[in-house]
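Structure first, commentary second.
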Amino acid sequence: MSTSVKQLRVDKVSKSKISEVNFENLPFGDVFSDHMFICVFKNGEWQEPRIQPYGPLSISPSAKVFHYGQAVFEGMKAYKDDEGQVWLFRPEENLKRINKSSKRLAIPEFPESYFFDGLTTLLQLDKEWVKPGIGNSLYVRPFVIASEAGIKATPAEEYTFMIICSPAQSYYGGEVRVQIAEHYSRAADGGFGYTKAAGNYAGQFYPTQLAQEEGYQQVIWTDAQSHEYIEEAGTMNVFVRLGNTLVTCPTSDRILDGVTRKSVIALAEAHGIKVEVRPIKVSELVAGAKSGVLKEIFGSGTAAVINPILGFGYKGERYELNVPEKSYAGLLKEELINIQYNRSEDKFGWRYPIA
Ligand SMILES: *Cc1c(COP(=O)(O)O)cnc(C)c1O
């Protein structure tokens, strides 16, 4: 692959559409900022990266992404502090992960300099779209699709890498109760469960709909072989508190290595909370819910940061948790948010300023 470095070209909107947006009422992911980043891979290399007004693409109906699902994405957030400074949270982790996802789907990796140059320039241009105040953020969605025309079932030779941004408000998912999967699976050994590949989500929608019909909001996936061990939820890693110990399962080729997950582990340990990373049996949750040892379950992920789970269903039984008032979920969420919004010291070096 050629290593010639190309300059970022910026084509600005003539008039921002920000005044048309009602920031008081923003359903997640419906509204997008003025600009987007786009870079095409062809002839064996990434071409000139560009920023241009947000808008539709022109793409052949035979493009491989539509037929073979060669598509990966990332999710991160930009935050604004009370002085108006914009910050990202550990964005280098998202670049590493999209390249890890790409590799597994035979998509060429994206150069670090193009990524950070595009990302920071885009956020500088659209910084008015990042509203200050806890809960407000600009959700940043990088993704790559196989945009080459032609339906032969082989990896594409042309791809499009993009970054789009959507203003978001604090995401309160309502009361969450989950169904523990007994039949369907999300990922298999040797598969690509560890990637943010589009197909991982497509495969979850139907079983999640079935769970919703039974009154649950989400599914906690279990290992495909025995369905005896919990793995993760739709777009969140899962933590459980047994007594005063926080437990989460190890990552593997079936489980996404969440940035929020590893941040929660580091924060909990810094707080003196005992953390165990080990397989978690569904039977432990059932026994713990009955005895009261199971005090909390929560999901961790960029969208909701930490999402407390109030109960679960398994083999036709429903279990409710008695979440203590001083929950680990509440404590860790607050600590994480204070770092993200530049309200506390950044001991771990996680904040990334947008100049
Ligand atoms: C994105 C995602 C997560 C959370 O990852 P973060 O980096 O914390 O946002 C967890 N599980 C799955 C399946 C995901 O797609």
Side-chain angles (χ1 to χ4, degrees), residues 28-29 69 71-79 88-102 104-105 119 137-144 163 165-166 168 170-171 173 176 178 181 184-188 191-205 207-208 211 217-224 229-240 246 248-268 277 280 297-309 329 332-333 335-337 339-340 348 350-352:
F28 181 76
V72 298
F73 68 94
E74 265 307 320
M76 56 216 274
K77 278 178 173 176
Y79 307 91
L88 288 166
F89 185 73
R90 310 182 77 177
E92 65 287 349
E93 295 289 334
N94 299 91
L95 173 68
K96 266 193 250 165
R97 195 168 61 192
I98 201 167
N99 280 337
K100 202 162 111 180
S101 299
S102 287
R104 179 63 180 80
L105 271 81
L119 182 61
S137 64
L138 187 64
Y139 183 82
V140 179
R141 168 55 61 91
F143 63 101
V144 200
I163 305 176
C165 302
S166 175
S170 100
Y171 176 91
V176 177
V178 295
Y184 292 101
S185 301
R186 176 187 175 277
F192 53 95
Y194 67 93
T195 68
K196 271 183 134 62
N200 278 334
Y201 304 84
Q204 294 185 60
F205 291 156
T208 304
Q217 283 70 43
Q218 291 200 24
V219 173
I220 286 188
W221 301 101
T222 48
D223 69 290
Y229 294 88
I230 64 163
E231 300 210 314
E232 62 177 324
T235 57
M236 296 190 294
N237 295 108
V238 177
F239 286 83
V240 304
L246 201 53
T248 190
C249 58
T251 54
S252 69
D253 61 4
R254 302 183 308 273
I255 297 178
L256 192 112
D257 185 5
V259 180
T260 318
R261 173 186 177 278
K262 51 186 155 199
S263 306
V264 164
I265 293 173
L267 283 175
V277 178
I280 302 167
I297 308 177
F298 60 86
S300 73
T302 296
V305 189
I306 284 178
N307 210 344
I309 293 167
L332 294 164
K333 181 170 184 171
E335 294 226 338
L336 204 49
I337 284 178
I339 296 176
Q340 290 168 334
F348 299 94
W350 288 339
R351 278 195 296 262
Y352 181 96

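We're numbering straight along the sequence, starting at 1. Whatever order the structure lists them in is the order used to number ligands and atoms, beginning at 1.
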Kindly give the heavy-atom pair with the smallest separation between A268 and L246, and that separation in Å. CB-CD2, 3.9 Å

Measure the spacing between NZ of K196 and CG of N200 and express it to the nearest 0.5 Å. 9.5 Å

Salt bridge (Lys or Arg N to Asp or Glu O under 4.0 Å) between R254 and E231, intermediate numbers included: CA-CA 8 Å; R254 302 183 308 273; E231 300 210 314; 2.6 Å; yes

Sub-3.5 Å pairs, protein N or O with ligand 1 N or O:
residue	atom	partner	partner atom	Å
ligand 1	7 (O)	R97	NH1	2.8
ligand 1	7 (O)	R97	NH2	3.0
ligand 1	7 (O)	V259	N	2.8
ligand 1	8 (O)	V259	N	3.3
ligand 1	8 (O)	T260	N	2.9
ligand 1	8 (O)	T260	OG1	2.6
ligand 1	9 (O)	T302	N	2.9
ligand 1	9 (O)	T302	OG1	2.6
ligand 1	11 (N)	E232	OE1	2.6
ligand 1	15 (O)	K196	NZ	2.8
ligand 1	15 (O)	Y201	OH	2.3

State, yes or no, whether a side-chain contact exists between E93 and M76 at a heavy-atom distance under 4.5 Å. no

Describe, in one word, how the ring planes of F239 and F298 are oriented to each other, choosing from parallel (under 30°), tilted (30 to 60°) and perpendicular (over 60°). parallel

For R97, check salt bridge (charged side-chain N to carboxylate O under 4.0 Å, His left out) against everything at least two apart and list the hits. E74

